[in-house]
Amino acid sequence: MRAVIDKILERLLILIISIMLISVIWQVISRYLLGTPSTLTDEIASFSLIWLGLFGAAYATGKELHLAIDLISAKTIQRYPNLFSGIVTFSIMIFALAVMVIGGLRLCWITLTLDQRSAALEVPLFYVYLVVPLSGLLIVYYALDIFLKKRKLVKS
């Protein structure tokens with residue numbers, strides 16, 4: 001199942017960055033060559049960047065490429081690698097669940113209830129913000145999968 005999710009996420013990221021690229025290229029063409037800037041491309045590029053960043057964070061978590069800040073000495077970490085790896089993975093999982101999934105669902109509910117829409121596209125912002133809980137769920141899934149594989153509870 002993990003390989004299927006990875007492949008879908010990879011293709012989704014390629015699609016999103018392609019949409020963003022086409023949008024920005026069209027904005028430049030319409031502004032400088034045609035003399036009439038497109039009003040829609042700015043929002044398309046902005047929303048694409050949000051989706052790319054959040055789904056990219058989920059993808060990076062799955063590949064264990066997330067950023068880390070070394071606050072504890074390398075010698076201490078080398079003595080207890082499983083402990084510190086577990087703490088990091090568990091922290092990522094708790095953050096994604098509490099902030100991204102629960103907080104993101106609350107954000108989506110509020111924007112849906114208030115019927116907030118984007119200025120140029122008139123798209124309900126619920127759809128734009130839906131990426132927060134979705135990517136949070138992916139991060140929780142990846143973190144749990146990594147945690148279990150490192151604990152040898154699930155076969156690779």
Side-chain angles (χ1 to χ4, degrees), residues 1-31 36-72 77 83-151 153-154:
M1 182 162 158
R2 167 101 182 240
V4 173
I5 292 173
D6 284 345
K7 190 56 82 175
I8 290 170
L9 197 52
E10 285 172 4
R11 290 188 177 152
L12 180 63
L13 288 168
I14 291 168
L15 175 68
I16 292 170
I17 201 162
S18 299
I19 290 169
M20 189 168 67
L21 179 66
I22 291 167
S23 169
V24 170
I25 289 172
W26 177 249
Q27 176 66 17
V28 170
I29 290 171
S30 67
R31 175 172 286 161
T36 55
S38 174
T39 57
L40 305 178
T41 55
D42 185 43
E43 277 191 4
I44 292 171
S46 296
F47 296 158
S48 298
L49 184 61
I50 293 167
W51 280 63
L52 183 71
L54 289 170
F55 278 136
Y59 184 76
T61 301
K63 298 294 182 185
E64 295 186 67
L65 297 172
H66 46 268
L67 295 174
I69 299 171
D70 295 333
L71 299 175
I72 302 169
I77 292 172
L83 173 69
F84 288 107
S85 173
I87 290 171
V88 168
T89 306
F90 188 72
S91 299
I92 290 169
M93 195 172 16
I94 294 299
F95 173 83
L97 184 64
V99 175
M100 296 180 77
V101 176
I102 296 170
L105 286 173
R106 187 167 187 269
L107 174 66
C108 288
W109 177 254
I110 289 169
T111 57
L112 186 64
T113 304
L114 297 176
D115 194 32
Q116 293 179 340
R117 297 182 174 275
S118 68
L121 293 172
E122 288 293 320
V123 174
L125 287 177
F126 166 79
Y127 295 117
V128 176
Y129 296 147
L130 192 59
V131 71
V132 177
L134 290 177
S135 62
L137 284 173
L138 286 169
I139 291 171
V140 168
Y141 168 76
Y142 280 130
L144 185 61
D145 186 58
I146 291 166
F147 185 79
L148 294 175
K149 281 183 181 174
K150 287 191 176 183
R151 299 300 172 273
L153 297 174
V154 173

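What you are looking at is a predicted structure, and each value in this text was computed from that prediction instead of being measured.
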Measuring from [X]:[atom1] to [Y]:[atom2], what's the distance to the nearest 0.5 Å?
X	Y	atom1	atom2	answer
I110	L125	CD1	CG	12.5 Å
L9	I14	CG	CD1	10.0 Å
L49	L54	CG	CG	9.5 Å
I87	I94	CD1	CD1	13.0 Å
Q116	L107	CD	CG	8.0 Å
L12	I17	CG	CD1	12.0 Å

Exam field: side chain [X] to backbone [Y], donor-acceptor pair closer than 3.5 Å:
X	Y	result
S118	V123	yes
S48	I44	yes
R31	P37	no
Q27	T41	no

Minimum heavy-atom distance [X]-[Y], with the two atoms named:
X	Y	value
V101	G136	CG2-C, 3.5 Å
C108	F126	O-CD1, 3.4 Å
A58	S135	CB-O, 3.9 Å
M93	V140	O-CG2, 3.8 Å
E10	Y59	OE2-OH, 2.8 Å
Y127	W51	O-CZ2, 3.0 Å

Kindly check if the number of other-residue, nucleotide or ligand heavy atoms within 6.0 Å of [atom1] ([X]) is above 12?
X	atom1	result
F84	CZ	yes
R2	CZ	yes
I5	CD1	yes

Heavy-atom side-chain proximity of Y142 to D6 below 4.5 angstrom: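 Yes, close enough: below the 4.5 Å cut-off.
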Can you find a heavy atom in the side chain of Y129 that is under 4.5 Å from one in the side chain of I50? no
From the options L144, I139, L97, select the one residue that forms a side chain to side chain contact (heavy atoms under 4.5 Å, CB included) with I92.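 It is I139, the one option of L144, I139, L97 that forms the side chain to side chain contact (heavy atoms under 4.5 Å, CB included) with I92.
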Salt-bridged, K150 to E64, with N to O below 4.0 Å? yes
